[in-house]
Amino acid sequence: MFDPKVKHPMPTRDPKIRARDFLPVELGYDEETAVEEAKRCLNCKNKPCTGGCPVRIDIPAFIAKVAARDFDGAYEIINASSSLPAVCGRVCPQETQCESKCVRGIKGEPVAIGRLERFVADYHLNKPEKPVPKIEKNGVKVAIVGAGSAGLTCAGDLAKKGYEVTVFEALHKAGGVMTYGIPEFRLPKSIVSAEIENLSRLGVKIETNVVIGKTLTIEDLKEDGYKAIFIGSGAGLPKFLHIKGEELNGVFSANEFLTRINLMRAYEPDADTPIWRGNKVAVIGGGNVAMDAARSAMRLGAEKVYVVYRRSEEELPARREEVAHAKEEGVEFHLLTDPTEILDDGNYNVAGLRCVEMQLGEADASGRRRPFVKPDSEFVLEADTVIVSIGTAPNPLIKNATPELAVTDWGGIVVDEDLGTNLDGVYAGGDATSGAATVIMAMGAGKRAADSIDRYLNR
Amino acid sequence: MYKILKREELNPTVTRFVVEAPAVARKAEAGQFIILRVDEKGERIPLTIADFDRAAGTVTVIAQVVGGTTEKLNHVPEGGYIADFVGPLGKPSELTGLKKVAVIGGGVGCAIALPTAKKLHALGAEVHSIIGFRNKDLVILEEDFAACSDKLSVLTDDGSYGKKGLVTDELRSLIESGEKYDEVIAIGPVIMMKFVCKLTKEFGVKTVVSMNPIMVDGTGMCGGCRLLVGGQTKFACVDGPEFDGHQVDFDSAMRSGGKFRPHEKENREKVCNLFKKEVR
């Protein structure tokens with residue numbers, strides 16, 4: 001019998017095997033496990049979990065449906081609030097959102113809300129026939145810039161309200177970070193495509209290969225009859241360390257490394273796009289993207305993969321689960337370590353990473369303890385590949401082409417509480433306004449913007 | 001899908017493609033580039049816009065076969081389609097106000113230099129074009145340059161056509177004979193641009209170069225195209241592709257351009273074998 005104080009464990013593949021392929025790590029609950037886990041829900045009246053959800057899914061209601069084996073009913077409840085449940089069930093940081101509010105969590109582990117969401121969404125995706133929802137179109141055109149989490153959510157919600165929605169995507173494939181950033185082993189691309197297909201069934205049009213700010217401007221969209229515009233162009237611009245040796249061959253931004261793998265499928269034998277297979281790979285940074293890069297490097301056959309992070313384990317911004325998975329797969333963590341120089345082997349290739357050890361001092365403005373250099377602690381980490389994963393900034397293309405659009409000094413689009421920009425009828429949200437965050441935060445913004453746009457168009 | 005309306009072999013390895021892409025044509029300017037993908041398994045490669053026709057909705061690109069992707073592209077017939085074609089990307093050339101300019105093209109770089117020469121000519125500037133090739137068989141676009149240049153010098157490394165010598169030799173003799181240029185625009189192999197810049201620095205002539213590093217997305221997302229310009233990291237795709245040549249670190253650009261060379265060679269062989277099989 002299982003202990004009611006803990007979650008039903010997620011079945012995962014053997015770390016030794018999965019660390020060398022790109023197949024999904026987590027296998028998902030089966031029906032029986034899902035029903036049993038759902039029964040752990042106390043069905044609290046005030047629904048604290050829903051309060052922790054950026055898109056406000058009625059969590060106890062969907063879980064009650066799972067417990068009653070009404071999986072279609074459960075899906076309907078989730079789908080009323082979330083356009084991408086199969087994605088969120090996999091990549092949401094539930095431990096700091098819905099599950100952190102779960103009353104079960106006070107004495108034991110919270111209900112596995114994320115795993116149950118994933119189960120319900122996958123159940124729906126695996127159904128052979130999905131009905132085409134009947135929506136009365138209102139003929140009002142809305143343009144969405146960027147087919148990532150924020151844009152697709154906004155598009156889905158507006159389409160459900162009857163708007164004629166067109167999403168413009170710069171890349172050749174929709175999905176944003178879900179497509180180019182998060183690897184197959186954590187979020188299978190077939191899941192992302194299936195979620196996007198669900199949106200197409202709602203009547204959302206997606207035009208790929210259109211770079212807003214280049215191919216078309218915000219002004220062009222207005223002239224083409226779009227009555228409102230949502231900018232969800234993300235934070236795609238990689239930051240670099242600006243240390244010596246960063247231009248060497250074998251140094252990549254995590255964005256480039258992961259885009260080659262995920263969007264371009266460079267690890268598959270018939271793909272034309274090349275990938276760099278390092279033997280000793282140092283990943284600089286401690287976020288989820290750094291974990292994705294490190295685990296991908298391992299899967300490309302690296303002998304050693306290091307995560308180099310300047311603070312301690314406690315401050316690692318990545319999800320605990322991802323850190324645990326990375327460790328199980330053999331990724332080594334060099335914590336309290338700061339790189340100072342990338343060494344040249346004399347042929348313009350990476351020979352290693354010069355680092356110093358750090359100590360933690362007082363908490364800084366972000367509330368995290370500020371690291372400082374330990375004297376005489378310099379050492380060289382042997383590496384032939386360095387992946388820089390220290391964050392991204394908002395993409396400047398729209399800002400450059402739209403000088404009248406107000407942005408912050410770090411390039412984020414300025415929005416009011418309704419996510420309206422300083423331009424009439426133009427809204428923005430997700431990483432483009434917040435800086436790099438999570439899929440679910442962007443979805444929450446897309447949802448809020450859809451409500452604001454609906455109010456704006458009915459004012 | 002994007003249709004190849006016209007295909008013309010300029011020399012054995014360089015082909016001109018006229019592509020139906022009205023949205024790109026509407027905004028295209030000299031100096032900008034596009035990214036294309038030949039098919040679903042294809043990689044994204046940047047090619048500079050060689051010409052465009054807004055009314056006809058077409059964009060012209062000129063590609064030299066160097067790797068698997070350009071080999072594949074070279075096999076797409078007239079009337080055939082390629083999977084993706086996105087742009088215009090990068091910043092347009094800044095040409096207004098220039099009165100007298102030397103436009104230098106090296107090899108397939110001439111394809112990129114041509115729209116710049118044309119635009120300068122249309123703006124009323126005096127254009128001296130210097131185009132260089134390895135040998136006679138590789139000479140391209142001579143007539144097109146003749147049509148928009150007040151002075152045209154064609155050079156080959158081996159002297160099999162035009163003058164024997166390098167574009168830098170010709171530029172030096174023009175400057176030394178008293179030609180005063182507001183600006184030199186040099187587009188070609190990195191090594192050529194490096195030596196043009198070395199020369200013009202000596203004479204204090206402002207020089208603009210067009211960089212073509214490895215790129216994935218072309219919108220600032222991957223950082224693969226980063227260059228050292230004036231000691232700072234710049235992205236060729238969004239900050240360029242044109243830069244002040246006297247600020248560019250050509251040595252590091254040359255070395256990073258070769259990072260995937262073994263793959264490019266291998267992939268080209270793979271594609272060649274594939275086509276041979278199909279022909280048989």
Side-chain angles (χ1 to χ4, degrees), chain A residues 169-173 180-181 207-217 220 233-242 246-260 263-266 268-276 344 347-349 388 392-397 400-401, chain B residues 2 21 23-24 26-27 32 35-45 67-69 72 83-91 214-228 232-233 235 238-239 249 251-264 266-267 270-271:
Chain A
E169 167 57 43
L171 292 173
H172 58 264
K173 214 166 175 184
Y180 74 72
E207 286 202 31
T208 54
N209 293 332
V210 180
V211 185
I212 301 300
K214 288 289 176 188
T215 319
L216 291 171
T217 60
D220 292 332
S233 50
L237 214 67
K239 289 180 191 166
F240 284 90
L241 293 150
H242 303 292
E246 210 162 23
E247 68 289 349
L248 294 174
N249 289 345
V251 183
F252 297 89
S253 73
N255 256 11
E256 177 179 0
F257 187 69
L258 291 171
T259 300
R260 286 179 183 276
L263 177 69
M264 307 310 296
R265 318 289 292 179
E268 292 179 350
D270 58 349
D272 287 339
T273 303
I275 188 66
W276 187 276
D344 187 339
N347 286 312
Y348 211 68
N349 296 310
V388 181
T392 53
N395 196 306
L397 288 179
N400 292 348
Chain B
Y2 298 79
V24 184
R26 211 169 104 187
K27 289 287 165 71
Q32 291 185 293
I35 290 231
L36 66 76
R37 217 162 59 110
V38 179
D39 57 31
E40 278 309 309
K41 299 284 177 187
E43 69 179 318
R44 296 169 65 96
I45 59 160
T69 297
K72 253 189 193 174
D84 300 292
F85 192 89
V86 58
L89 301 168
K91 291 181 179 167
I214 288 169
M215 282 182 195
V216 182
D217 62 293
T219 61
M221 211 185 82
C222 78
C225 65
R226 63 193 189 280
L227 299 165
L228 280 174
Q232 297 204 319
T233 301
F235 291 178
V238 288
D239 300 319
D249 181 343
D251 292 337
S252 72
M254 243 180 290
R255 290 155 124 173
S256 51
K259 71 179 133 186
F260 287 115
R261 200 148 288 151
H263 168 91
E264 281 162 17
E266 187 190 316
N267 201 32
K270 210 164 78 185
V271 174

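Only this structure's heavy atoms are used, side chains among them; waters, hydrogens and symmetry mates stay out. Each chain gets a letter, A, B and so on, in the order the sequences are listed, and its residues count up from 1. Just so we're clear, the structure is a prediction, and the values are computed from it rather than from any experiment.
- Most heavy-atom pairs under 4.5 Å with chain B, from the set A/M264, A/E246, A/H172: that is A/H172.
- With respect to chain A, the highest number of heavy-atom pairs below 4.5 Å among B/S252, B/A23, B/G223, B/G224 belongs to B/S252.
- Nearest heavy-atom pair, A/A170 versus B/R44, reported as atom, atom and distance to 0.1 Å: O-NH2, 4.4 Å.
- Using a 4.5 Å heavy-atom threshold, the side chains of B/T233 and A/H242 count as touching.
- In terms of heavy-atom pairs under 4.5 angstrom with chain B, the leader among A/F257, A/F252, A/F240 is A/F240.
- Contact annotation for B/R26: only side-chain heavy atoms (C-beta onward) come within less than 4.5 Å of a heavy atom of chain A.
- If you measure heavy-atom distances from B/I45 to chain A, you find no contacts under 4.5 Å at all.
- Across A/D270, A/T217, A/L263, A/V211, the residue that shares the most heavy-atom pairs under 4.5 angstrom with chain B is A/D270.
- Side-chain atoms of A/T215 never come within 3.5 Å of backbone atoms of B/V24 as a donor-acceptor pair (strictly under, hydrogens ignored).
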Subject >> Test side chain to side chain contact (heavy atoms under 4.5 Å, CB included) applied to A/L248 and B/R255, step by step >> reply: CA-CA 8 Å; A/L248 294 174; B/R255 290 155 124 173; over 6 Å; no
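- With values rounded to the nearest 0.5 angstrom, B/R226 atom CZ is found 7.0 Å from A/E256 atom CD.
- When each of A/I275, A/T259, A/L171 is checked for heavy-atom pairs under 4.5 Å with chain B, A/L171 comes out on top.
- Checked by atom type and distance alone, the side chain of B/D84 never pairs as donor or acceptor with a backbone atom of A/N209 at under 3.5 Å.
- Heavy-atom distances place the side chain of B/Q32, and not its backbone, under 4.5 Å from chain A.
- The two residues A/K214 and B/K91 come nearest to each other via the heavy atoms NZ-N, 4.3 Å.
- Of the atoms belonging to B/F85, it is backbone heavy atoms, and not side-chain ones, that fall under 4.5 Å from chain A.
- Contacts of A/L216 with chain B are made by both backbone and side-chain atoms, with heavy-atom separations under 4.5 Å.
- Atom CD of A/E268 is surrounded by more than 12 heavy atoms from other residues, nucleotides or ligands within 6.0 Å.
- Put simply, the side chain of B/K41 never gets that close to the backbone of A/D272: no donor and acceptor are under 3.5 Å apart.
- You'll find the side chain of A/E247 stays beyond 4.5 Å of the side chain of B/D249, heavy atoms only.
- Interface residue B/T219: backbone and side-chain heavy atoms are both found under 4.5 Å from chain A.
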